[in-house]
Amino acid sequence: MTTVKAYASPSATEDLVATTIERREVGPHDVLIEIKFAGICHSDIHTVRGDWGPQQYPLTPGHEIAGIVTEVGAEVTRHKVGDRVGVGCMVNSCRECANCLKGEEQYCLKGNVGTYGAVDRDGTITQGGYSTHVVVTEDFVVTIPEGLELDVAAPLLCAGITTFSPLHHWGAGPGKKVAVVGLGGLGHMAVKIAHAMGSEVTVLSQSLKKQEDGLRLGADHYYATSDENTFAELAGHFDLIINTVSASIDISSYLQLLTLDGALVNVGAPAEPLPVNAFALIGGRRSFAGSMIGGIRETQEMLDFCAEHGIGAEIEVIPAEKINDAYERVLASDVRYRFVIDTATF
């Protein structure tokens, strides 16, 4: 085992603190990554605070990891020392089930292994990217193309793939009208990617305070959902709606905005159930679906797409001592649009 610097949560109610964690020795199929940047995802906050269930503490979060390969195992073929690489929300899966064999490891029938707070195949609890180094099996490490800087690439490993995957799966592109609910860490990436795919993009946000940003990022239209006229004006308008917010919203009202055979896809994960009126679905053969990150192959496709189109996250780089402040600012929606930790400050 190797000891590395990190930040960890001692409990669900305490601030993160500087500490050290243990990383396994590099095995035959492993890659050792010197982490340069780690994004802060809303999921990190939900997890360390126990919103999604009890955790084993201390816990080091972080699943938006960008860095440089510093060592590879004897049998590694996909990566070499010096490569620019990333690690997203999972670090292992069974690799044998039908979903894994399709390249959809995130839906592993035996459960994928999350980058932090999960039980790995060797029985250890995974620790995430708020650290200086991580050891990951090569099959769950992706290449960051040269066209992307590491700091703006880090959030793509969660926010990027979480929005790219449903846009890709549900056919966003020329001639399609796509709405994005919420303009935060996920929402701003959905706008950028849907625009690059050629869709007509509309942002649906509580207010117009981010309208200038939304249009700059690629939206064609911007509406305030607090305006009661919005839902009447846009009824039956969209082919696809990507809901990125992690709070409870009136799903049935948003379903009414879909055209025939339209789909509303949830990528935000509120702790509360989201009730749906069946008639909102039946009336227009509409679908209400969910999507979770993407497989490793699709994550690489997303990074290549973003490099080709010059897409990175909008970020605010922070030192490690600002992590707890950043958490509070995320909860207050006071970030445009993703915090990224400079791990050189650990």
Side-chain angles (χ1 to χ4, degrees), residues 41-43 46 155 158-172 176-197 199-259 262-277 280-281 284 286-293 313-314 330-333 335-338:
C41 177
H42 207 142
S43 300
H46 281 304
C158 175
I161 186 58
T162 294
T163 50
F164 178 91
S165 185
L167 288 166
H168 182 224
H169 181 80
W170 273 274
K176 293 295 182 73
K177 294 178 179 178
V178 174
V180 177
V181 182
L183 191 68
L186 291 174
H188 92 284
M189 289 308 311
V191 169
K192 286 189 170 193
I193 292 170
H195 173 74
M197 288 177 169
S199 299
E200 180 181 326
V201 183
T202 299
V203 174
L204 302 175
S205 187
Q206 283 184 308
S207 72
L208 298 178
K209 68 179 183 179
K210 296 180 182 177
Q211 182 175 21
E212 185 177 335
D213 275 3
L215 299 176
R216 174 178 61 84
L217 295 171
D220 300 286
H221 315 285
Y222 201 107
Y223 287 84
T225 55
S226 56
D227 182 346
E228 61 185 24
N229 294 322
T230 292
F231 288 90
E233 183 178 345
L234 297 177
H237 187 73
F238 300 109
D239 300 291
L240 175 64
I241 300 174
I242 305 293
N243 177 27
T244 71
V245 302
S246 291
S248 183
I249 64 171
D250 184 355
I251 291 296
S252 296
S253 294
Y254 285 85
L255 286 168
Q256 300 292 347
L257 304 182
L258 291 170
T259 187
L264 192 166
V265 183
N266 227 69
V267 295
E272 310 82 18
L274 294 171
V276 177
N277 183 331
L281 295 169
R286 304 180 183 101
S287 301
F288 178 40
S291 181
M292 183 175 71
I293 55 172
E314 303 287 308
V330 169
L331 294 173
S333 298
V335 54
R336 298 200 180 179
Y337 282 87
R338 207 67 156 184

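Positions are given from 1, in the same order as the sequence printed here. Just so you know, these numbers use all the heavy atoms, side chains as well, and skip hydrogens, waters and symmetry mates.
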J.: A side-chain contact here means heavy atoms from C-beta on lying under 4.5 Å apart; do Asp227 and Thr225 qualify?
T.: no
J.: Looking at side-chain heavy atoms only, is the closest gap between Ile161 and Phe164 below 4.5 Å?
T.: yes
J.: Walk me through whether Met189 and Leu217 qualify under side chain to side chain contact (heavy atoms under 4.5 Å, CB included).
T.: CA-CA 9 Å; Met189 289 308 311; Leu217 295 171; over 6 Å; no
J.: Can you list the residues that meet the side chain to side chain donor-acceptor pair (under 3.5 Å) rule with Glu200, with sequence neighbours excluded?
T.: His221
J.: May I ask you to test the Leu234-Gln256 pair for a side-chain heavy-atom distance under 4.5 Å?
T.: no
J.: Output every pair passing ring pair (Phe, Tyr, Trp, His ring centres under 6.0 Å) with a member in residues 225-258, not counting sequence neighbours, ordered by first then second residue.
T.: Phe231-Tyr254
J.: Donor-acceptor check, side chain of Thr230 to backbone of Tyr223, threshold 3.5 angstrom: yes or no?
T.: no
J.: For residues 264-272, run the donor-acceptor check on the side chains, cut-off 3.5 Å, and write out each pair with its distance to 0.1 Å, sequence neighbours left out.
T.:
residue	atom	partner	partner atom	Å
Asn266	OD1	Asn243	ND2	2.7
Asn266	ND2	Gly268	O	2.9

J.: Assess the residue pair Lys210 and Tyr222 against the criterion (side chain to side chain contact (heavy atoms under 4.5 Å, CB included)); give the C-alpha distance rounded to whole Å, side-chain angles, the decisive distance to 0.1 Å, and a yes or no.
T.: CA-CA 9 Å; Lys210 296 180 182 177; Tyr222 201 107; 3.3 Å; yes
J.: What is the distance from atom CD1 of Ile251 to atom CG of Asn277, rounded to the nearest 0.5 Å?
T.: 12.0 Å
J.: Looking at residues at least two apart in the chain, or sitting in another chain, which of them share a side chain to side chain donor-acceptor pair (under 3.5 Å) with Asp250?
T.: Ser253
J.: Looking at Ala313, is its backbone amide N or carbonyl O close enough to the side chain of Arg338 to form a donor-acceptor pair, meaning the two atoms are under 3.5 Å apart?
T.: no
J.: Give a yes or no on whether the backbone of Thr162 and the side-chain of Ser165 come within a donor-acceptor separation of less than 3.5 Å.
T.: no
J.: Report the residues that fulfil ring pair (Phe, Tyr, Trp, His ring centres under 6.0 Å) with His195, sequence neighbours left out, ordered by chain and then residue number.
T.: none
J.: Do any pairs count as a side chain to side chain donor-acceptor pair (under 3.5 Å) and have a residue in residues 184-193, sequence neighbours left out, and if so which ones?
T.: Lys192-Glu314
J.: Out of curiosity, Leu240 CG to Ser199 OG, how far, rounded to the nearest 0.5 Å?
T.: 8.0 Å
J.: With a 4.5 Å cut-off on side-chain heavy atoms, are Leu274 and Ser248 touching?
T.: yes
J.: Nearest 0.5 Å please: distance from the CG atom of Leu186 over to the SG atom of Cys41.
T.: 6.5 Å
